[in-house]
Amino acid sequence: MLDIKFIRENPEAVRQAIEKKGLTLELDKLLELDQEVQALKRTIEKIQAERNANAKAAARARPEERAAMIERGKEIGRQLAELEPRLRTLEAQLKQLLYLTPTLPWEGAPVGPDDSFNVETRVHGNPRTFLFEPLDHVALMEKNGWGDFERAAKVSGSRSYILKGDLMLYEQALLRFALDRMIQAGFTPMSVPSLTKEEALYAHGQFPAARDQVYAVDGGEAYLAGTAEVLLNYLHAGEILAESELPKTYCALSPCFRSEAGSAGRDVRGLMRVHQFNKVEQYVLCKADLDESNRWFETMLSISEGILQALELPYRVIEVSTGDMGLGKYRQVDLETWVPSENRYRETHSCSALLDWQARRAGLRYRDERGKIHYAYTLNNTALATPRILVMLLENHQNEDGTVNVPRAVQPYFGKEKLEPLAL
RNA sequence: GGAGGGAUGGCUGAGUGGUUGAAAGCGGCGGUCUUGAAAACCGUUGUAGACGCAAGUCUACCGGGGGUUCGAAUCCCUCUCCCUCCGCCA
């Protein structure tokens, strides 16, 4: 969400951002509504001032004067009763449009309507040349008894999975490994609820634009968060923090839920795209300073790259285009990790800077040393998400006999050098 | 699930229809005093918005929403959250 004042003063810049991001926001309608709301507010405030003065006078008036004042007050009440509902309607409409206003993307972002305009900026590592016929991750799981998709579907429907034996333990080891990397980087480890309220989803930005991606529970009274970012971003909602408390650097491990509406038929097989997964998320709330935001962006990105390097996986760095980065993003860089069975890279990490877009929605503010109040800046990135990363880990590190090697960095967490078949 | 009690400014807490945007205390900030500090004393200290060159004036907000009234922190309805007790339970 942008500052309405900024939109008023820079309509062309906003119009450009809307175009670059391929949005359909009616900016003229928004500006018009804003004018109407402003004018109506002024009118109403004037009448309210009169009402207040009249009521105050009536309190002290002699009884014979009071009757006329009460009459006058009733008349004012009738005027307000006519105007106030109109204001409420207009304000609600304006708010809905404001929710759809985009962050202006950074000047370095590739401009284009979709992911085909994303730019590969770096590649790390080389895809492995197999001296045998490698299996895909589903085949590896079947061969070793590491999972059960059929029964998962029976129990939970499509896009569900069951991990068994060493693979189940491997997932736990990886999550703990990722948490430790975050702790080493100075982030505060947290567990947060997956159940969340509607307000938090508005503040995060997923509502109202991408409402269909979110599971509603309890008849729409609560929602299952698609990422811990939703919760972390709402932790300090409505607060005014001291600048000395910033930055807040959090990492959270949480189950994540995604309806995957609109992706029917894509990646239906295996662990690539599932309805429920686990993620260690990085989140930073820092002061409203572009340099500082940029520094955190680089820091978070390098943490994730460090994790992929420690996992000995080949990956590439993608500068995400304006049309693919989403409403609130100032900058987005994805890490894509090599999937041998698909002979291509697939997204495993997504690093985003949103400036004050989320902070405005959530009311994340701080007071600087001079006492001035600002909206903070927010950033987030994936540290590690399972089971998707298991796809890459299984396929890239498989041996001819079907066992899978564990990267040295994870061995202390897993306790063994290899994943072995489930004993039957 | 049942019964009851609450929600007021950074915190504690007064306030049941009329100069209350809100007493008092604590905390914070500025000052006096002091070699410095403490103590004491004095002053100041919510957020958002409108108008104005400014000084300043005005509006809204006492958990959220709605209502009654000339006038609501105070009365009514509703929702949310917190606390106590009972029941159930990982």
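Side-chain atoms are counted along with the backbone in the values below, which use heavy atoms only and exclude waters and symmetry mates. Chain naming here is simple, since letters A, B, ... match the order of the sequence lines and numbering starts at 1 in each.
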Novice: Quick check for you: among B:C58, B:G71, B:A48, whose closest atom lies nearest to any side-chain atom of A:A55?
Specialist: B:G71
Novice: With a 4.0 Å cut-off on heavy atoms, is A:I76 in touch with a base, just the backbone sugar-phosphate, or nothing at all?
Specialist: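 The residue A:I76 makes no contact with any strand.
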Novice: Exactly one of A:R86, A:K29, A:R42 should register a salt bridge (Lys or Arg N to Asp or Glu O under 4.0 Å) with A:E36. Which one does?
Specialist: A:R86
Novice: Would you kindly give the CD-to-C1' distance between A:Q38 and B:A48, to the nearest whole Å?
Specialist: 13 Å
Novice: Under 4.0 Å between a side-chain N or O of A:R367 and OP1 or OP2 of B:U47?
Specialist: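 Yes, A:R367 has a side-chain N/O under 4.0 Å of OP1/OP2 on B:U47.
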Novice: Identify which nucleotide among B:G49, B:U47, B:U59 has an atom closest to any side-chain atom of A:R365, counting heavy atoms from C-beta outward.
Specialist: B:U47
Novice: Among B:A50, B:G46, B:G71, which nucleotide has an atom closest to any side-chain atom of A:K5?
Specialist: B:A50
Novice: Distance to the ring centre below 6.0 angstrom and angle to the axis at most 45 degrees; does that hold for A:R360 and A:W357?
Specialist: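 Ring-cation test returns no.
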Novice: ring-ring contact (aromatic ring centres under 6.0 Å, His included) for A:Y377 and A:Y330? Distances and angles first, verdict last.
Specialist: CA-CA 11 Å; A:Y377 280 9; A:Y330 167 74; 8.3 Å; no
Novice: Does a donor on one side chain sit under 3.5 Å from an acceptor on the other, for A:S304 and A:Q282?
Specialist: yes
Novice: Once you apply a heavy-atom cut-off of 4.0 Å, does A:R370 come out as touching a base, just sugar-phosphate, or nothing?
Specialist: nothing
Novice: Which part of the nucleic acid, if any, lies within contact of A:R88, taking any heavy atom under 4.0 Å across all strands shown: a base, the sugar-phosphate backbone alone, or nothing?
Specialist: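 Contact class for A:R88: sugar-phosphate only.
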Novice: Would you mind telling me which of B:G49, B:U47, B:C58 lies closest to the side-chain atoms of A:A49?
Specialist: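 When the side chain of A:A49 is considered, B:C58 is the closest of B:G49, B:U47, B:C58.
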Novice: Where the side chain of A:I240 is defined as all heavy atoms beyond and including C-beta, which of B:U47, B:U19, B:G71 is the nearest nucleotide?
Specialist: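 In terms of side-chain proximity for A:I240, the closest of B:U47, B:U19, B:G71 is B:U47.
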Novice: Determine the contact category for A:K74: base if any of its heavy atoms lies under 4.0 Å from a base atom, sugar-phosphate if only primed atoms, P, OP1 or OP2 are that close, otherwise nothing.
Specialist: sugar-phosphate
Novice: Ignoring the backbone of A:R51, work out which of B:G71, B:C58, B:U19 is nearest its side chain.
Specialist: B:G71
Novice: Starting at CG of A:N52 and ending at P of B:U57, how long is that distance when rounded to a whole Å?
Specialist: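 After rounding, the gap between these two atoms is 15 Å.
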Novice: If you find the nucleotide of RNA chain B closest to A:A58 and the one closest to A:R66, which residue's nucleotide is nearer the 5' end?
Specialist: A:R66
